[in-house]
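Below you'll find the structure, written out as structure tokens, and then a few comments.
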Amino acid sequence: MKKDLYYMQRALDEAGAAYREGEIPVGAVVVCRDRIIARAHNLTETLNDVTAHAEMQAITMAAGELGGKYLQDCTLYVTVEPCVMCAGAIGWAQFRRIVYGCPDEKRGYHLYAPKALHPRADVTYGVMGEECKALMRRFFQERR
């Protein structure tokens, strides 16, 4: 649990960077053998690309770092529950562990595609959930 808090804080740092850039504040890190191999945050506005979610960016970076598309020895930490698109990519990358902060009650994969992740994937949620949710709420309140 202590490691989960540490790595989720790093993902939350990425979400903070997204917030400062005017992006929806979602951050992600990929950890392999107790080492962060990828850090990313949403870049959909910056890149004008609806697929540039934090998870997608982190998966691409991690695959490049490891030199392969399968990330079964890795854990993905993300501040908000992945959407269906990201859950599909996480499943194809064969992550065995996914840790997320707060649920996404409107677009989260649980609602639309609960079997999108790899069948052997272990999911932990709620790690720093209140902090992750608070950042999202603040972002959207400021824009309304």
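All values derive from a computational prediction rather than experimental measurement.
What you find for Gly101 and Met8 is that their closest heavy atoms are N-CE, 3.5 Å. The shortest heavy-atom contact between Arg20 and Asp13 is NH2-O, 4.4 Å. Residues Val50 and Met85 come closest through the heavy atom pair O-CE, 4.0 Å. The two residues Ile24 and Met136 have their closest heavy-atom pair at CG2-CE, 3.8 Å. For Ala58 against Ala28, the heavy-atom pair with the smallest separation is CB-CB, 4.1 Å. The shortest non-hydrogen separation linking Leu111 to Lys106 is CD2-O, 4.3 Å.
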Criterion side chain to side chain contact (heavy atoms under 4.5 Å, CB included) on Tyr100 and Thr124, from CA distance to verdict: CA-CA 7 Å; Tyr100 68 86; Thr124 301; over 6 Å; no

Verdict with reasoning, Ile37 to Val31, per side chain to side chain contact (heavy atoms under 4.5 Å, CB included): CA-CA 6 Å; Ile37 62 168; Val31 176; over 6 Å; no

Audit row: Leu76, Arg97, side chain to side chain contact (heavy atoms under 4.5 Å, CB included) steps and yes/no: CA-CA 7 Å; Leu76 172 69; Arg97 185 156 188 255; over 6 Å; no

Worked verdict on Val123 versus Leu117 for side chain to side chain contact (heavy atoms under 4.5 Å, CB included): CA-CA 9 Å; Val123 179; Leu117 301 178; 3.4 Å; yes

Between Glu130 and Arg137, does the salt bridge (charged side-chain N to carboxylate O under 4.0 Å, His left out) criterion hold? Intermediate values first, please. CA-CA 10 Å; Glu130 289 305 314; Arg137 276 194 180 141; 5.5 Å; no

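Between the CG atom of Leu71 and the NZ atom of Lys69 there is a distance of 11.0 Å, given to the nearest 0.5 Å. Rounding to the nearest 0.5 Å places CZ of Phe95 at 13.5 Å from OH of Tyr70. In this structure, SG in Cys74 is found 10.5 Å from CD1 in Ile59, a value given to the nearest 0.5 Å.
Follow the hydrophobic side-chain contacts under 4.5 Å out from Trp92 and you never reach Val84; the two are in separate clusters. Linking Ile, Leu, Val, Met, Phe, Trp and Tyr residues whenever their side-chain heavy atoms come within less than 4.5 Å places Tyr6 and Val99 in a single cluster. Follow the hydrophobic side-chain contacts under 4.5 Å out from Phe139 and you never reach Leu43; the two are in separate clusters. Cluster membership check: Tyr112 does not share its hydrophobic cluster with Tyr109, using side-chain heavy-atom separations under 4.5 Å among Ile, Leu, Val, Met, Phe, Trp and Tyr. In the hydrophobic clustering of this structure, Val26 groups with Phe140; members are Ile, Leu, Val, Met, Phe, Trp, Tyr whose side-chain heavy atoms approach within less than 4.5 Å, directly or through other members.
For the pair Lys3 and Asp34, the salt-bridge criterion is met [side-chain N within less than 4.0 Å of a carboxylate O]. Ion pairing of Lys133 with Glu105 is absent here, as no side-chain N (NZ or NE/NH1/NH2) approaches a carboxylate O to less than 4.0 Å. The existence of a salt bridge linking Asp73 and Arg33 is confirmed by a sub-4.0 Å separation between a basic side-chain nitrogen and an acidic carboxylate oxygen.
With hydrogens and angles left out, the side-chain atoms of Tyr19 and Glu14 include no donor and acceptor closer than 3.5 Å. In summary, the side chains of His118 and Gln72 do not present any donor paired with an acceptor at a separation below 3.5 Å, with no hydrogens or angles considered.
Judged by distance alone, the side chain of Thr79 and the main-chain N or O of Ala11 form no donor-acceptor pair under 3.5 Å. The main-chain N or O of Asp104 is found under 3.5 Å from a side-chain atom of Glu81 such that the two form a donor-acceptor pair. Checking side-chain atoms of Glu55 against main-chain N and O of Ile90 turns up no donor-acceptor pair under 3.5 Å. In this structure, the side chain of Glu131 does not engage the main chain of Leu12 through any donor-acceptor pair within 3.5 Å. Remark: side-chain polar atoms of Asn42 are not paired, donor with acceptor, to backbone N or O of Thr44 under 3.5 angstrom.
At a threshold of 4.5 Å between non-hydrogen side-chain atoms, the residues Val127 and Leu5 count as touching.
When each of His53, Glu21, Gln57 is paired with His41, the side-chain hydrogen bond (donor to acceptor under 3.5 Å, both in side chains) condition holds for Glu21 and for no other.
For the pair Arg10 and Tyr77, the cation does not sit on the ring face, since its NZ or CZ is not both under 6.0 Å from the ring centre and inside 45° of the axis.
Aromatic ring pairs are classed by plane angle as parallel below 30°, tilted from 30° to 60° and perpendicular above 60°; the pair His110 and Tyr125 is perpendicular.
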